[in-house]
Amino acid sequence: MKQKLTIIIAVCLFITLVFQPCSVKKAEAAVSLTSTKTAVKHTKTPVSKHGRLKVKGTKLVDKNGKAVQLQGVSSHGINWDVGEPFVNEAALKTLRDKWGANCFRVAMYTEDYNGYCVTDAANRKKLLKTIDIAVKAGKKLGMYVIIDWHVLNDQTPKKYQKAAKAFFKTVSKKYKSYNHVLYEICNEPNGSATWSAIKSYAKAIIPVIRKNSKTAIIIVGTPNWSQDVDVASKSPLKGYSNIMYAVHFYAATHKDSYRQKLQTAIKNKLPVICTEFSACEASGNGAYDFTSAKKWINMLKKNKIGYVCWSLSNKPESASLLKPSCKRTGGFTNSDLSKMGKWLISVY
Ligand code: IDC
């Protein structure tokens with residue numbers, strides 16, 4: 001009997017010693033690659049869980065009226081070869097399952113390098129195809145997809161308003177039966193683009209989308225590279241539903257005074273969403289300021305404001321979530337991630 005007990009204890013000890021370090025290692029790997037618990041165990045996809053999103057008061061809410069926080073990743077410009085290749089189902093699946101993202105933003109520049117408004121018909125078709133790949137992948141994977149009309153060099157969205165109307169007519173018609181598509185109608189108005197000019201543009205575009213989709217979320221950029229949400233909050237658009245306003249930040253450049261603008265917008269009850277951010281400088285390069293970035297993220301989490309990180313690319317610049325050496329376009333592993341990429345998934 002005593003001998004039997006000794007054997008049992010010895011076997012138990014053996015099992016513990018051999019298998020425990022192994023399971024600990026596995027758990028560590030899971031933690032370093034996946035940050036949220038839900039990211040590991042999807043019983044339902046984000047879209048099957050939340051359904052069509054709505055704006056209620058200042059918040060984005062789901063089909064049951066419960067607040068939802070979007071956590072997303074933005075493509076780099078799909079008109080660049082450092083952006084387009086990463087827009088595919090395998091990449092989005094990794095973002096959903098390993099990173100904990102529930103949203104993908106497909107960024108299409110309007111004027112910069114081969115952008116939609118300055119390129120030829122063949123390339124425009126290719127850009128629409130890339131958007132379609134993102135939308136279809138999002139549908140299959142149950143992830144929200146933001147279609148972003150990426151105003152930047154063009155400064156004022158009024159410049160290509162006619163093209164924007166045609167574009168949003170096309171995409172809102174094409175995707176009218178999909179409940180996972182959101183429209184961002186002007187990434188970052190800047191230069192002399194005033195809030196009243198942006199509002200006039202929004203008033204031209206919103207009805208075009210509403211003709212096809214009565215309820216899709218429409219995100220409006222704000223002056224000064226989508227920083228002046230305080231200005232927008234003093235004079236929001238009237239008479240429309242499911243409208244949100246964009247705030248963007250690059251944490252090494254935009255600190256307390258910019259967070260203050262967001263605080264003002266929150267106080268004034270503006271429905272805000274952060275559709276672009278990074279921990280680096282506004283140039284997309286330079287050093288990271290993770291302390292400032294954490295302050296932003298804490299503020300966003302506290303107020304349940306969604307956030308989308310720039311960008312899914314291996315371009316050698318600080319904002320890229322992948323290392324320049326990453327040759328994969330999907331199925332990214334931990335070693336493919338840049339310092340920014342690793343930080344991001346630790347925050348989700
Ligand atoms: C940057 C890209 C960079 C590209 C440049 C083009 O990271 O590779 O050459 O655009 O002008 C924004 C813009 C976003 C910028 C990003 C970083 O929305 O297009 O991307 N940024 O500069 N606003 C603030 C920063």
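One-based numbering, in listed order, for ligands and for the atoms of each. Computed from heavy atoms alone, side chains included, the values below leave out hydrogens, waters and symmetry copies.
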Quiz item: Can you say whether the rings of F168 and Y183 are parallel (under 30°), tilted (30 to 60°) or perpendicular (over 60°)?
Solution: perpendicular
Exercise. Could you find the nearest protein heavy atom to atom 3 (C) of ligand 1 and give me its residue, atom name and distance?
Key: E317 OE1, 3.4 Å
Practice problem: Considering the heavy atoms of G284, write down every atom of ligand 1 situated less than 4.0 Å from one of them. | Solution: 17 (C), 22 (O)
Quiz item: Considering only heavy atoms of D112, which atoms of ligand 1 have at least one such atom less than 4.0 Å away?
Solution: 6 (C), 11 (O)
Quiz item: Which atoms of ligand 1 have any heavy atom of S283 under 4.0 Å away?
Solution: 17 (C), 22 (O)
Quiz item: Near H150, which atoms of ligand 1 are under 4.0 Å from a heavy atom of that residue?
Solution: 13 (C), 14 (C), 18 (O), 19 (O)
Quiz item: Same cluster or not: are I305 and Y144 linked, directly or through other Ile, Leu, Val, Met, Phe, Trp or Tyr residues, by side-chain heavy atoms under 4.5 angstrom apart?
Solution: no
Self-check item: Protein residue, atom and distance nearest to atom 16 (C) of ligand 1, heavy-atom basis
Solution: Y250 OH, 3.4 Å
Quiz item: Between the side chains of T264 and D230, is a donor N or O closer than 3.5 angstrom to an acceptor N or O?
Solution: no
Practice problem: State if Y109 counts as touching ligand 1 under the rule of any non-hydrogen atom under 4.0 Å. | Solution: yes
Practice problem: Would you mind listing which atoms of ligand 1 come within a distance below 4.0 Å of any non-hydrogen atom of N187? | Solution: 18 (O)
Quiz item: In terms of ring plane angle, is the pair Y307 and F277 parallel, tilted or perpendicular, where the classes change at 30° and 60°?
Solution: perpendicular
Self-check item: Numbered atoms of ligand 1 (with element) below 4.0 Å of K315, judged on heavy atoms
Solution: 3 (C), 4 (C), 8 (O), 9 (O)
Quiz prompt | Between S235 and K199: side-chain donor-acceptor atoms closer than 3.5 Å | solution = yes
Quiz item: Is N153 touching ligand 1 with its side chain, its backbone, both, or neither, if touching means heavy atoms under 4.0 Å apart?
Solution: neither
Exercise. Give a yes/no on ligand 1: does A319 have at least one heavy atom closer than 4.0 angstrom to it?
Key: no
Quiz item: For atom 13 (C) of ligand 1, which candidate among E276, E111, H254 provides the closest heavy atom?
Solution: E276
Quiz item: H248 near ligand 1, heavy-atom distance under 4.0 Å?
Solution: no
Quiz item: Do you see a donor-acceptor pair shorter than 3.5 Å between the side chains of R96 and T45?
Solution: no
Quiz item: Has K174 got more than 12 heavy atoms of other residues, nucleotides or ligands less than 6.0 Å from its NZ?
Solution: yes
Self-check item: N or O pair under 3.5 Å between W80 and ligand 1
Solution: no
Exercise. Can you pull out the closest protein heavy atom to atom 22 (O) of ligand 1? Residue, atom name and distance to 0.1 Å, please.
Key: A282 O, 2.8 Å
Exercise. Give yes or no for whether the N/O distance cutoff of 3.5 Å, strictly under, is met between W225 and ligand 1.
Key: no
Quiz item: Is K158 atom NZ crowded by more than 12 heavy atoms from other residues, nucleotides or ligands, each under 6.0 Å away?
Solution: yes
Practice problem: Report the residue from Y109, Y160, F167 that forms a ring-ring contact (aromatic ring centres under 6.0 Å, His included) with Y116. | Solution: F167
Quiz item: Do N114 and T119 have a side chain donor and acceptor closer than 3.5 Å?
Solution: yes
